[in-house]
Amino acid sequence: MKRDDFRIQFILKRNDNYNHLIDHKIPTLSTGLYNSVSFIHDMLTTVGINSDIAIVVDNDCIDREVTRFKPNVCIIEALWVTPSKFSILTKLHPDVTWVVRLHSDMPFIANEGIAMDWIADYARFDKVLVGPNSHRMLREVKEYLLATRMCNLQNINKKTPYLPNYYPLEFQSPKKLVSDSDTLNISCFGAVRPLKNHLMQAHAALRVAENRKKKLNFHINGNRLEQKGEPVLNNLKSMFSQVYDSGHRLIMHDWLPHDKFLELCGTMDVGMQVSFSETFNIVAADTVSMGVPIIGSREIPWCSVFFCANPTDSRDIVSCLDLALTYPKINNWLMKKCIREYSRSTLKTWLHWINSL
């Protein structure tokens, strides 16, 4: 099929927790999943592929959007379409290849009680594929589907395409020095949930501030709690209430549109994303794009090994954070280099898959 004739559509489910006053227009929709999809959409559009993004309320709206755009491939972003719905959709649109794109590795997806049933049931349909966005989840999905006998060695690669994330290659200049202020502004943005490891990172940030004889402003997104994030937030609040008299503060920000969030990232001295489980981490890439140093864990596939810390070792996190604060320009240069390499590889991977259809 010629590239000019190829049409790809991404469909996301509107989350009931979104602010309807903000997100009713796609350009201002502000979620990690939407940002991830919009970056892929822009990447494909730039190379001449006809791409579309649709936001729907539920399963029943998919047919309308597919009828409108008439894609060759329809990618359902994340696990929300029931397997039984595909028995209808595949008959209504027999020429469409459907892909359920996974955005989580196994430790995270374990919190979704329907995940393993649905992934196996998707494989029952000839025209429904399961596309992880990480190499590890790709391997594990393949092994699982082979064990279920839903797939065999002859068709497993076709049924499970690797569809990684992309990040735009436009960056701000790196910060030269950490602020001379008596306060350190350290961010740990993203939804508050156990696998994000907020409390351990807050402890490490507090230790670094104390060592440097500075006050700490620890910045988080305080209004997005997921997967039993309430106890995590309660502990963060308790920690900072106990050190309040020492000048340390927990700063909680609302979830912001992406452009406003980037501006906020740019005001930080350093960012932290030393998580237990990641498949890409757009928050970390956003911080890097604004010229701000950041540390992560080996869970972030593009993160420079020189600035990866062990998420269960507070001393290692402290050491890594100190290194980033001491050499912010080197940190930012390395991280940008890693993102560029990852994103260029992503483009090649998507085009190779599209050309194979």
Side-chain angles (χ1 to χ4, degrees), residues 1-104 112 114-115 118-119 121-133 158-161 163-166 257-258 282 346 350-351 353-354 356-357:
M1 182 182 298
K2 294 181 180 179
R3 188 175 296 182
D4 291 343
D5 298 329
F6 184 80
R7 300 168 70 83
I8 187 167
Q9 185 174 42
F10 300 88
I11 298 185
L12 298 88
K13 183 179 186 293
R14 182 180 295 277
N15 190 320
D16 291 337
N17 293 325
Y18 297 164
N19 183 342
H20 71 281
L21 297 176
I22 295 176
D23 75 352
H24 67 286
K25 295 180 180 178
I26 289 178
T28 59
L29 188 63
S30 174
T31 70
L33 187 61
Y34 175 75
N35 291 335
S36 167
V37 173
S38 67
F39 295 154
I40 295 290
H41 164 77
D42 291 344
M43 174 192 77
L44 295 176
T45 300
T46 299
V47 296
I49 291 175
N50 197 344
S51 175
D52 177 71
I53 300 177
I55 312 294
V56 300
V57 175
D58 56 30
N59 287 343
D60 295 331
C61 301
I62 296 173
D63 171 50
R64 181 186 68 233
E65 293 297 334
V66 173
T67 299
R68 170 185 63 81
F69 186 68
K70 297 178 175 57
N72 304 102
V73 173
C74 180
I75 299 186
I76 305 296
E77 296 291 338
L79 286 168
W80 57 274
V81 177
T82 60
S84 60
K85 189 66 180 180
F86 282 114
S87 65
I88 300 170
L89 291 170
T90 54
K91 292 174 183 175
L92 289 174
H93 306 279
D95 296 328
V96 173
T97 297
W98 302 85
V99 184
V100 177
R101 187 163 173 248
L102 305 181
H103 290 258
S104 305
E112 299 188 42
I114 46 78
W118 284 18
I119 289 171
D121 288 342
Y122 291 147
R124 298 176 186 275
F125 299 94
D126 290 339
K127 299 284 282 186
V128 179
L129 316 181
V130 178
N133 74 338
K158 180 180 179 181
K159 291 285 287 185
T160 56
L163 301 175
N165 278 41
Y166 179 86
H258 192 235
I282 289 176
T346 291
W350 277 80
L351 292 181
W353 175 66
I354 289 170
S356 72
L357 294 173

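The figures here come from the full heavy-atom set of this structure, side chains too, leaving out hydrogens, waters and symmetry mates.
Rounded to the nearest 0.5 Å, atoms CD1 (I40) and OG1 (T45) are 11.0 Å apart. One finds the CG atom of L44 at 7.0 Å from the CG atom of L351 (value rounded to the nearest 0.5 Å). Distance check: L129 CG to L163 CG gives 8.5 Å after rounding to the nearest 0.5 Å. How far CZ of F10 is from CD1 of I75: 4.5 Å, rounded to the nearest 0.5 Å. Here OG1 of T82 is found 8.0 Å from CD1 of I88. Values are rounded to the nearest 0.5 Å. Summarising the geometry, atom CD1 belonging to I76 is positioned 12.0 Å from atom NZ belonging to K13; distances are rounded to the nearest 0.5 Å.
Counting all heavy atoms, side chain and backbone alike, V81 lies closest to N59 at CA-OD1, 3.3 Å. Contact detail for S104 and N133: the closest heavy-atom pair is N-OD1, 4.2 Å. E65 approaches V56 most closely through the heavy-atom pair CG-CG1, 3.7 Å. The two residues F125 and K159 make their nearest non-hydrogen contact at O-NZ, 2.5 Å. The heavy-atom pair separating L33 from A78 by the smallest distance is CD2-CB, 4.2 Å. Between W80 and I62, the closest heavy-atom pair is CH2-CD1, 3.8 Å.
Here the side chains of N165 and F39 are not in contact, with every heavy-atom distance at 4.5 Å or above. Using a 4.5 Å cut-off on side-chain heavy atoms (C-beta onward), I8 and S51 make contact. Within the 4.5 Å cutoff, the side chain of W118 has no heavy atoms near those of the V100 side chain.
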Quick one: do W98 and T90 satisfy side chain to side chain contact (heavy atoms under 4.5 Å, CB included)? Show the steps, please. CA-CA 8 Å; W98 302 85; T90 54; 4.0 Å; yes
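Take D63 and apply the side-chain contact (heavy atoms from CB on, under 4.5 Å) test, not counting sequence neighbours, and it matches T67, L89, L92, H93. Residues that satisfy the side-chain contact (heavy atoms from CB on, under 4.5 Å) test with D52, not counting sequence neighbours, are Q9, A54, R68, F69. Shown here are the side-chain contact (heavy atoms from CB on, under 4.5 Å) partners of P164, two or more places apart in sequence or in another chain: Y162, Y342, T346, T349, W350.
A donor-acceptor contact shorter than 3.5 Å is absent between the side chain of S36 and the backbone of G32. Counting only distance, with no hydrogens or angles, the side chain of N72 and the backbone of R7 share a donor-acceptor pair below 3.5 Å.
Between Y122 and F86, the ring-plane angle classifies as perpendicular under the 30° and 60° cut-offs.
Considering V128, D121, I119 as possible partners of P83, the one that fulfils the side chain to side chain contact (heavy atoms under 4.5 Å, CB included) test is D121.
Electrostatic pairing of D60 and K85 counts as a salt bridge here, judged by a charged N lying under 4.0 Å from a carboxylate O.
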